[in-house]
Novice: 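There's a structure below that I have some questions on.
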Amino acid sequence: MIRKNALLTVYHRLFEAYGPQHWWPARTPFEVMVGAVLTQNTAWTNVKRAILNLEQAGCLDALSMVSLTQEQLAELIRPSGYFNIKAKRLLNFVAWYLECGGHKNLEATDTPELRGLLLAVNGVGPETADDILLYAFERPVFVIDVYTRRLFTRLGLIGGDEDYETLRGAFESALDRDVPLYNEYHALIVRHAKEKCAWHQDCHHCRVEAPL
DNA sequence: TACCAGGAGAAAA
DNA sequence: TTTTCTCATGGT
């Protein structure tokens, strides 16, 4: 059980330190979904190169992408790493996406069912599904990643070894179902994780991670 | 030169 | 069921 006040205090510290992050960095919901798969265990700088390649090849939409062979897609997304497995995953995902009738049809599906459908796609795990739900479908789903675990473990608000669903449930129970809040919160956690602080001098990093 | 990055799934134990 | 292995480029 996490206290709402503690979560809001951490959020305000993050926002004061870093300001609005303007997530997700993409032009369309489909681009969000592609980015969510490509960024699995991968630095975003590499994902940007892959997305630029897709854009320049005119393949940043579902119909164009699904017409590519796995080898062609792999070559375009090479800079994002794991390009063979990610090409399979993207083709799996796009096939499912088109089969479901695309974004407009899926928008009519309620959140628990849509989450189940996403998780049934090979290559879409809990974090990728929740990135897509929050940032492409604007559903109030709190994304849990390694940075979230690390920050809130350091703050003493969680044990750190809880499973994914337990943590997501804890955050969503403590907070109102607020899409803009979840959007900014996760983005700020990622932004904060990139802050270097070797010596715990006075800095943004330490002001955020100070005892509550 | 090592090590890490907006994870997920298959294989092994 | 839980742990370990595999996937791979680019920046620090």
Side-chain angles (χ1 to χ4, degrees), chain A residues 10-11 14 18 20-27 29-54 56-57 70-97 115-139 141-154 159-168 171 179 181-199 205 208:
Chain A
V10 173
Y11 175 79
L14 286 164
Y18 306 115
Q21 300 299 302
H22 309 292
W23 269 35
W24 183 284
R27 292 200 192 90
F30 184 75
E31 188 180 331
V32 173
M33 303 184 215
V34 171
V37 171
L38 291 180
T39 198
Q40 290 168 357
N41 201 41
T42 300
W44 184 254
T45 51
N46 290 1
V47 176
K48 280 199 293 188
R49 295 167 178 271
I51 289 180
L52 185 62
N53 285 347
L54 289 170
Q56 290 178 341
Q70 190 185 128
E71 291 72 22
Q72 290 172 323
L73 182 53
E75 196 53 38
L76 289 170
I77 66 172
R78 174 181 283 274
S80 73
Y82 305 132
F83 49 84
N84 287 312
I85 188 67
K86 284 177 179 174
K88 282 184 191 173
R89 289 176 180 179
L90 281 177
L91 288 177
N92 282 342
F93 175 80
V94 178
W96 165 81
Y97 181 77
R115 190 165 193 275
L117 291 172
L118 285 164
L119 290 174
V121 178
N122 186 295
V124 177
E127 186 179 337
T128 304
D130 291 344
D131 278 336
I132 291 171
L133 287 165
L134 178 58
Y135 293 104
F137 288 96
E138 301 181 8
R139 305 301 175 92
V141 173
F142 200 95
V143 179
I144 306 296
D145 64 353
V146 289
Y147 299 147
T148 309
R149 287 179 185 276
R150 193 172 73 194
L151 175 59
F152 290 95
T153 301
R154 284 175 177 169
D161 57 349
E162 297 90 344
D163 63 48
Y164 188 99
E165 290 306 312
T166 300
L167 282 181
R168 186 173 68 84
F171 279 88
V179 171
L181 174 67
Y182 290 8
N183 177 322
E184 197 65 51
Y185 210 150
H186 178 63
L188 284 166
I189 289 167
V190 174
R191 169 68 182 84
H192 173 68
K194 295 176 181 172
E195 192 75 7
K196 306 292 184 194
C197 177
W199 306 107
H205 183 272
V208 170

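The sequence lines fix the lettering, A, B, ..., with proteins before strands; numbering per chain opens at 1.
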Novice: Which part of the nucleic acid does A:Val32 contact within heavy-atom distance under 4.0 Å: base, sugar-phosphate only, or nothing?
Specialist: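 It contacts nothing in the nucleic acid.
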
Novice: Taking CG from A:Asp145 and P from B:dA8, how many angstroms apart are they, rounded to a whole number?
Specialist: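 So the CG-P distance, A:Asp145 to B:dA8, works out to 10 Å.
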
Novice: Run the salt-bridge test on A:Glu165 and A:Arg115 with the 4.0 Å N-O cut-off and return the result as yes or no.
Specialist: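 Looking at A:Glu165 and A:Arg115, the cut-off is met.
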
Novice: Suppose we screen for ring pair (Phe, Tyr, Trp, His ring centres under 6.0 Å). Which residues come up paired with A:Tyr18, at least two apart in sequence or across chains?
Specialist: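 By the ring pair (Phe, Tyr, Trp, His ring centres under 6.0 Å) rule, A:Tyr18 matches A:His192, A:His204.
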
Novice: Using whole Å, report how far CG of A:Leu73 lies from P of C:dA8.
Specialist: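 Rounded to whole Å, this separation is 12 Å.
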
Novice: Starting from P on B:dG7, measure out to CG on A:Asn41 and report it in whole angstrom.
Specialist: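 After rounding, the reported distance stands at 5 Å.
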
Novice: Could you check whether A:Arg49 gets within reach of a base, just the sugar-phosphate, or nothing at all, counting any heavy atom under 4.0 Å?
Specialist: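 The answer is sugar-phosphate, as A:Arg49 gets under 4.0 Å only of primed atoms, P, OP1 or OP2.
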
Novice: Mind checking whether A:His186 and A:Trp23 have parallel, tilted or perpendicular rings, split at 30° and 60°?
Specialist: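 Aromatic pair A:His186/A:Trp23 classed perpendicular.
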
Novice: For C:dA8, take OP1 and OP2 only and decide whether either is under 4.0 Å from a side-chain N or O of A:Asn84.
Specialist: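 Checking A:Asn84 against C:dA8: at least one side-chain N or O falls below 4.0 Å of OP1 or OP2.
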
Novice: Calculate the interatomic distance between A:Leu167 atom CG and B:dG6 atom P; express it in whole Å.
Specialist: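 After rounding, the reported distance stands at 19 Å.
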
Novice: Do A:Lys86 and A:Thr42 get their side chains close enough for a donor-acceptor pair, meaning under 3.5 Å?
Specialist: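 Judged by distance alone, the side chains do pair up.
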
Novice: Within 45° of the ring axis of A:Phe142 and under 6.0 Å from its six-membered ring centre, is that where the NZ or CZ of A:Arg168 lies?
Specialist: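 No, A:Arg168 does not sit over the ring of A:Phe142.
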
Novice: Do A:Thr148 and A:Val190 come close enough that some side-chain heavy atom pair is under 4.5 Å?
Specialist: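 In short, these two side chains do not touch, never coming nearer than 4.5 Å.
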
Novice: Just to be sure I understand the rule, does A:Val124 reach a base, reach only the sugar-phosphate, or reach nothing, if contact means heavy atoms closer than 4.0 Å?
Specialist: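 If one applies the 4.0 Å heavy-atom cut-off, A:Val124 turns out to touch the sugar-phosphate alone, with no base involved.
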
Novice: Under the 5.5 Å and 30° test, is A:Tyr82 stacked on the base of B:dA8?
Specialist: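 No, A:Tyr82 does not stack on the base of B:dA8, since the centre distance and plane angle fail the 5.5 Å and 30° test.
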
Novice: Quick one: label A:Lys88 by what it contacts on the DNA or RNA (base, sugar-phosphate, nothing), any heavy atom closer than 4.0 Å.
Specialist: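 A:Lys88: no heavy atom of the nucleic acid under 4.0 Å.
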
Novice: What is the distance from CG of A:Asn46 to C1' of C:dC7, rounded to the nearest Å?
Specialist: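 It is 14 Å, rounded to the nearest whole Å.
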
Novice: Nearest-Å distance, CG (A:Leu118) to P (B:dG9)?
Specialist: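 Distance, rounded to whole Å: 12 Å.
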
Novice: To the nearest Å, how far apart are A:Phe83 CZ and C:dA8 P?
Specialist: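 In whole Å, C:dA8 P lies 6 Å from A:Phe83 CZ.
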
Novice: Side chain of A:Gln40 only, please: which of C:dT9, B:dA5, B:dA8 is the nearest?
Specialist: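 It is B:dA8.
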
Novice: Would you mind reading off the distance between A:Asp163 atom CG and C:dT2 atom P, rounded to a whole angstrom?
Specialist: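 For the pair A:Asp163 CG and C:dT2 P, the rounded distance is 10 Å.
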
Novice: Distance alone, cut at 3.5 Å: any donor-acceptor contact between the side chains of A:Thr166 and A:Asp163?
Specialist: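 The criterion, which ignores hydrogens and geometry beyond distance, is satisfied for A:Asp163 and A:Thr166.
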
Novice: Which residues, if any, of residues 126-135 of chain A bring a heavy atom under 4.0 Å of DNA chain B?
Specialist: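 Listed by number, they are A:Pro126, A:Glu127, A:Thr128.
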
